[in-house]
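Inspection log for the structure reproduced underneath, given as structure tokens.
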Amino acid sequence: MSTQPGTEQHEYSFSTMEAKWPAVWEELDVFAPADDGSRERRYVLDMFPYPSGDLHMGHAEAFAMGDVVARYWRLKGYDVLHPIGWDSFGLPAENAAIKRNAHPSEWTYANIDTQAASFKRYAISADWSRRLHTSDPGYYRWTQWLFLRFYERGLAYRKNSPVNWCPKDLTVLANEQVVNGACERCGTPVTKKSLNQWYFKITEYADRLLDDMDELKGHWPERVLAMQRNWIGRSEGAHVRFTVEEAAGRPAKDVTVFTTRPDTLHGATFFVVAADAHLALDLVTPEQHDALMDYREKIKALSDIERQSTEREKTGVFLGRYAVNPLNGEKLPVWAADYVLADYGTGAIMAVPAHDQRDLDFAQAFDLPVRAVVDTGEEDPAVSGVATSGEGKLINSGELDGLSKTEAIARAIELVEAAGTGEKTVNFRLRDWLLSRQRFWGAPIPIVHCDECGEVPVPDDQLPVRLPDDLRGEALSPKGTSPLAAAADWVNTDCPNCGKAARRDTDTMDTFVDSSWYYLRFASPDYTEGPFEKEAAARWLPVDQYVGGVEHAILHLLYSRFFTKVLKDMGLIDFDEPFRALLNQGQVLNGGKAMSKSLGNGVDLSEQLDKFGVDAVRLTMIFASPPEDDVDWADVSPSGSAKFLARAWRLGQDVASAPGTEYDGGDRALRSVIHRTVADAADLLDAGKFNVVIAKLMELVNATRKAIDAGPGAADPAVREATEAVAIILSLFAPYTAEDLWAQLGHEPSVVKAAWPAVDESLLVQETVTAVVQVAGKVRDRLEVPADVSEDELEKLALASPQVIRTLEGREVRKVIVRAPKLVNIVPA
RNA sequence: GCCCCCGUAGUCCAAUGGCAGAGACAACCGACUUAAAAUCGGUCCAGUGUGGGUUCGAGUCCCACCGGGGGUACCA
């Protein structure tokens with residue numbers, strides 16, 4: 001075994017490499033973009049981490065993926081922005097602070113330091129000079145600034161309404177943070193509470209959030225798009241006004257319903273309003289008032305989980321009044337029930353039990369009439385108890401009779417529009433984004449409440465509204481009101497408008513507000529004149545490749561898309577979508593299950609790094625499966641990866657030609673493999689098939705080994721060319737080993753400065769290829785033919801094959817399909 | 001219930017509609033070794049969940065079903 005001059009190491013040792021290279025990278029500053037316009041720019045971003053403890057296996061996977069892209073693009077000659085930061089506001093820091101009688105910032109920044117050190121060890125090729133933390137005043141100043149811009153545009157507003165309340169964390173939750181009726185964070189069943197809260201009017205952007213997904217198609221995972229589509233929940237239908245007749249001294253009142261089935265108007269047999277909506281109180285007659293109040297109390301006591309169960313018997317209470325069907329004048333009894341939601345549509349429905357299962361269940365519970373108006377050919381719902389919602393001809397519907405469902409929907413809309421009692425409309429499932437939180441460790445909402453002037457925005461030049469430093473430990477424990485309310489010095493302030501005594505808003509913003517714009521801040525992280533420098537953002541954004549977990553498919557990604565659209569409307573940016581392409585890495589499992597403390601199946605990242613080395617762990621993560629698939633740590637072999645890395649590294653020990661050797665005279669067969677591998681690897685990387693790139697790289701290493709041991713030998717120029725290609729491709733996955741290999745080959749200063757190898761097309765073409773000859777789709781012969789064989793020639797050769805003639809047994813040839821030079825299929829009669 | 005994704009060797013995974021196997025793990029055999037480890041070389045292993053269809057040709061496209069995973073769920 002020969003050793004290159006200047007290389008002292010003889011055995012592969014990951015710990016030696018890990019000790020050596022970080023200082024070199026830092027010294028060379030290789031990961032910061034030049035940003036001088038000399039090269040095309042690319043922006044690759046990993047979803048920034050929350051600083052809870054040290055990095056774990058999930059981070060290791062996600063960041064390995066993003067780093068492959070960043071390093072590949074750099075080698076390809078792009079000017080790459082690959083920044084890193086922390087989503088450092090949030091509840092865990094606050095809970096830790098309470099436990100340790102400390103300030104949340106202590107825990108937060110200590111964890112950030114730990115994670116930053118781990119990221120550096122993990123060799124993430126990030127531009128550390130752009131590092132940001134959302135809990136820094138220099139950052140949240142601009143979160144507040146953006147809130148005020150939203151406020152000015154009427155996109156941030158306060159309203160009193162029942163909200164999701166976590167009785168353990170003692171804070172409100174956005175709809176998106178309620179999972180199966182329980183708090184996303186702690187699992188406690190969520191209850192409803194009526195509070196005056198801040199909202200962002202994301203519903204105003206529902207159409208654009210939906211329509212602009214067209215430009216994401218093919219670049220975002222289909223399932224993420226599907227989830228967003230469902231979440232936005234666009235539904236076409238009609239608003240129809242019913243007049244609730246005057247009764248028991250209560251005046252008549254028009255009530256609008258939303259329906260997707262105006263064709264079934266004649267099938268409406270009763271009318272339901274959401275029991276918890278104010279409308280129910282408006283409508284109820286004095287005689288029924290007590291019954292309604294009892295019912296409201298009863299449903300308030302139910303948890304969300306119970307309330308949402310579709311198994312549950314339908315309940316409700318008659319309100320003592322009747323609504324008039326605008327199409328046929330029929331009087332429908334008005335009920336209040338909890339199966340109608342106050343905050344969807346208008347909070348009132350026309351009930352068509354024959355064609356809606358929920359209405360039918362209710363009708364059967366209270367003995368209300370059922371009238372089918374669409375003949376679907378199925379059994380009468382009144383008898384079967386199964387509502388029919390399919391296609392069919394209209395019956396029992398006056399002038400709609402005989403029409404198809406689709407025709408009847410259009411005609412019914414025309415009728416109510418002509419009568420002035422309704423119109424075609426679109427309804428969305430999406431609700432406004434509840435953003436205020438009664439917790440401490442977040443960006444304070446920059447509003448002052450003044451007895452004289454009402455809500456007064458804090459002037460821009462007084463931003464940031466800083467969190468007080470003196471609240472710590474017990475003072476932060478949840479009380480149902482924001483801990484900030486207890487900081488008298490902080491709360492009491494002068495009204496920016498009239499100068500009189502006033503109070504600060506004591507809520508803080510949902511941390512999803514912080515993360516809805518951080519990708520923009522990275523373009524100019526130290527900018528002090530605005531959230532980001534317009535020109536810098538125009539240069540770098542949108543993000544070309546975003547990498548992160550599918551758990552953010554709705555929340556973070558929808559909010560960020562919303563922010564981007566608002567910022568565009570403000571004229572600060574000129575694109576509609578923040579993330580051009582999205583890669584969702586899978587989870588890291590162990591033994592088929594997500595790692596968790598309760599299962600005791602956790603795998604500690606730092607232990608794995610100590611045992612196998614950074615490169616082996618990174619390589620294992622990438623090689624295990626396609627990026628979007630889960631990796632089961634029990635199924636993979638970091639020791640196998642380490643073995644491969646050592647094998648690749650040893651090539652460098654054997655290369656016996658000098659740096660700068662011309663490749664031209666090298667072994668042709670090996671050179672073909674090299675250039676094929678480089679070309680394939682580029683295609684595979686562009687397609688995101690990182691795991692396959694590693695397989696190709698293994699082939700190249702194997703071929704090179706063979707060339708050294710049993711082929712042209714270690715001094716052949718092709719062996720050097722191959723080993724250099726190995727080092728370059730390997731640098732995407734295993735930066736330490738690649739650097740060491742590159743250095744062994746006599747190169748300086750870093751493989752990061754290398755270029756992706758150019759492909760010599762002439763080496764890709766083969767002189768002869770194996771053509772497959774099929775008879776009736778079955779392989780019967782193989783022919784060595786010139787690569788440029790003509791279709792006619794190949795057909796002749798195939799038909800002349802003794803194997804073919806034997807198989808045909810004299811049968812007529814009906815057809816011959818020729819795909820020169822690879823395949824001939826002969827179809828006998 | 002509705003929507004989305006996935007079923008290929010013992011395992012993880014490859015395969016522009018064209019020879020089912022690129023790569024790896026595990027297992028086994030051999031070389032090296034006093035022995036073991038490491039290393040090197042080799043061997044073994046499925047006809048692609050099931051049933052139809054389209055096609056000269058289907059793992060790949062279409063339909064239905066089965067199984068697994070995920071999302072969502074009284075959204076009118």
Side-chain angles (χ1 to χ4, degrees), chain A residues 1 11-12 179-181 221-231 233 235 237 257-261 264 272 274 307-312 314 337-341 343-352 355-359 361-362 389 427-431 550-551 553-554 586-587 592 619-620 623-626 628-632 634-641 643-644 646-647 650 680 683-684 689 691-702 705-706 709-710 770-782 814-819 822-828:
Chain A
M1 204 178 261
E11 294 299 327
Y12 179 82
V179 178
N180 289 327
E222 181 48 44
R223 66 169 170 158
V224 173
L225 295 175
M227 283 159 75
Q228 296 223 349
R229 212 176 289 121
N230 291 340
W231 194 262
S235 132
V257 302
F258 172 72
T259 178
T260 53
R261 294 292 304 277
T264 63
V272 190
R307 212 182 56 74
Q308 287 174 359
S309 166
T310 40
E311 308 298 305
R312 212 174 108 238
K314 290 279 180 287
D338 65 350
Y339 84 92
V340 171
L341 306 178
D343 57 353
Y344 182 75
T346 62
I349 63 155
M350 63 174 202
V352 184
H355 307 297
D356 183 290
Q357 192 60 47
R358 297 154 298 177
D359 295 344
D361 294 343
F362 192 85
S389 56
N427 199 46
F428 292 93
R429 214 190 74 123
L430 184 69
R431 315 291 154 88
V550 73
E551 65 273 17
I554 301 172
Q587 285 190 79
L619 191 78
T620 304
F623 183 51
S625 62
E628 58 276 12
D629 284 11
D630 290 344
V631 175
D632 193 329
D635 288 337
V636 297
S637 172
S639 61
S641 299
K643 224 158 84 178
F644 166 73
R647 203 170 137 77
R650 277 195 307 272
D680 286 352
D683 290 345
L684 290 163
K689 297 181 179 181
N691 55 325
V692 188
V693 176
I694 294 174
K696 295 281 177 206
L697 184 59
M698 287 172 167
E699 279 183 79
L700 179 57
V701 169
N702 291 343
R705 180 83 262 159
K706 215 165 247 175
D709 293 346
T770 306
V772 171
V773 184
Q774 300 176 328
V775 177
K778 286 208 168 110
V779 180
R780 297 299 180 184
D781 201 3
R782 287 156 220 271
R814 186 156 66 88
K815 198 173 176 184
V816 181
I817 290 104
V818 185
R819 294 283 178 272
K822 295 178 82 174
L823 179 129
V824 180
N825 188 15
I826 297 159
V827 187

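Every heavy atom of this structure was used, including side-chain atoms; hydrogens, water molecules and symmetry mates were not. In this text the structure is predicted, and so the values were computed from the model without any measurement.
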TODO: For B:C12, take OP1 and OP2 only and decide whether either is under 4.0 Å from a side-chain N or O of A:S637.
DONE: no
Task: Inter-residue atom distance A:M350.CE - A:D359.CG, 0.5 Å rounding - done: 9.0 Å
Open item on the list: If I pick the C1' atom on B:C5 and the same atom on B:G51, what distance separates them, to the nearest angstrom?
Closed with: 22 Å
TODO: Report yes if a side-chain nitrogen or oxygen of A:Y339 is closer than 4.0 Å to either non-bridging phosphate oxygen (OP1 or OP2) of B:A76; otherwise report no.
DONE: no
Task: Inter-residue atom distance A:I349.CD1 - A:R261.CZ, 0.5 Å rounding - done: 13.5 Å
TODO: Enter the distance from A:H355:NE2 to A:T264:OG1 here, rounded to the nearest 0.5 Å.
DONE: 6.5 Å
Open item on the list: Without decimals, in angstroms, what is the distance between A:E628 CD and B:C6 P?
Closed with: 9 Å
- [ ] State which of B:G18, B:A22, B:A15 makes the closest approach to the side chain of A:A695.
- [x] B:A22
- [ ] Give A:R229 one of three labels, base, sugar-phosphate or nothing, depending on what nucleic acid heavy atoms sit under 4.0 Å from its own.
- [x] nothing
Open item on the list: Among B:C40, B:G18, B:C3, which nucleotide has an atom closest to any side-chain atom of A:I817?
Closed with: B:G18
TODO: With C1' as the reference atom in both, quote the distance from B:G67 to B:G49 in angstrom, rounded to an integer.
DONE: 7 Å
Open item on the list: Measuring only the P atom in each nucleotide, how far is B:G17 from B:C6? A whole number of Å is fine.
Closed with: 15 Å
Task: Minimum-distance nucleotide to A:F623 side chain [options: B:A76, B:G23, B:C13] - done: B:G23
Open item on the list: Of the options B:C4, B:A22, B:C74, whose atoms approach the side-chain atoms of A:D338 most closely?
Closed with: B:C74
Open item on the list: Would A:K314 and A:Y339 count as a cation-pi pair here, with the cationic atom under 6.0 angstrom from the ring centre and within 45° of the axis?
Closed with: yes
Open item on the list: Can you tell me which nucleotide in B:A24, B:C13, B:A76 comes closest to the side chain of A:N702?
Closed with: B:A24
Open item on the list: From the set B:C4, B:C56, B:A22, return the single nucleotide nearest to any side-chain atom of A:E222.
Closed with: B:C4
- [ ] Round to the nearest Å and state the distance from A:I694 atom CD1 to B:C12 atom P.
- [x] 18 Å
Task: Sugar-phosphate, base or nothing in reach of A:P221, heavy atoms under 4.0 Å - done: nothing
Open item on the list: Could you check whether any side-chain N or O of A:N691 sits under 3.5 Å from a backbone N or O of A:A624, counting only pairs where one atom can act as donor and the other as acceptor?
Closed with: no
- [ ] May I ask you to say what A:Q357 touches in the nucleic acid, namely base, sugar-phosphate or nothing, with a heavy-atom cut-off under 4.0 Å?
- [x] nothing
- [ ] Kindly say whether A:S235 contributes a backbone atom to a donor-acceptor pair with the side chain of A:N427 at under 3.5 angstrom?
- [x] no
Task: Nearest listed nucleotide, side chain of A:R429, among B:U72, B:A22, B:A24 - done: B:U72
Open item on the list: Quick one, A:V827 and A:R814 - any side-chain contact, counting heavy atoms below 4.5 Å?
Closed with: yes
Task: Length of the CG-P vector between A:N691 and B:A24, whole Å - done: 14 Å
TODO: For nucleotides B:C74 and B:G70, find the distance between their C1' atoms and express it as a whole number of Å.
DONE: 22 Å
- [ ] Among B:G18, B:G71, B:C40, find the nucleotide with the atom closest to the side chain of A:R650.
- [x] B:C40
- [ ] Have a look at A:S235 and say if it touches a base, only the backbone sugar-phosphate, or nothing, with a 4.0 Å heavy-atom cut-off.
- [x] sugar-phosphate
Open item on the list: Please report the distance, rounded to the nearest Å, between CG in A:D629 and C1' in B:A14.
Closed with: 13 Å
Task: Partner nucleotide of B:C40 by Watson-Crick or wobble geometry (both distances under 3.5 Å) - done: B:G30
Task: Candidates B:U72, B:G42, B:C56 - which lies nearest the side chain of A:I554 - done: B:U72
Open item on the list: I'd like the C1' distance from B:A9 over to B:A14, given in whole Å.
Closed with: 13 Å
Open item on the list: Say we look at B:C65 and B:C29: how far apart would their P atoms be, to the nearest angstrom?
Closed with: 49 Å
- [ ] Could you check how far CG of A:D635 sits from P of B:A9, rounded to whole Å?
- [x] 14 Å
Task: Pairing partner of B:G10 (Watson-Crick or G-U wobble, both distances under 3.5 Å) - done: B:C25
Open item on the list: When the C1' atoms of B:U16 and B:A58 are compared, how many Å lie between them, rounded to an integer?
Closed with: 15 Å
TODO: Give a yes/no on whether any side-chain N or O of A:K643 is located under 4.0 angstrom from OP1 or OP2 of B:A24.
DONE: no
TODO: Return no unless some side-chain N or O of A:K815 is found under 4.0 Å from OP1 or OP2 of B:C56.
DONE: yes
TODO: Determine the interatomic distance between P on B:A36 and the same-named atom on B:G23; round to the nearest Å.
DONE: 29 Å
Task: Whole-Å gap separating C1' (B:C74) and CD1 (A:I349) - done: 10 Å
- [ ] Show your working on side-chain hydrogen bond (donor to acceptor under 3.5 Å, both in side chains) between A:N702 and A:R647 and close with a plain yes or no.
- [x] CA-CA 9 Å; A:N702 291 343; A:R647 203 170 137 77; 2.3 Å; yes
Open item on the list: Heavy atoms from C-beta onward define the side chain here; which of B:G23, B:A14, B:C74 lies closest to that of A:E699?
Closed with: B:G23
TODO: Specify the separation, in whole Å, of atom CG of A:D709 and atom P of B:C32.
DONE: 16 Å
Open item on the list: Both distances below 3.5 Å, Watson-Crick or wobble geometry, any strand: find the nucleotide opposite B:U60.
Closed with: none
Task: Distance, rounded to the nearest Å, where A:W231 contributes CH2 and B:U72 contributes P - done: 6 Å
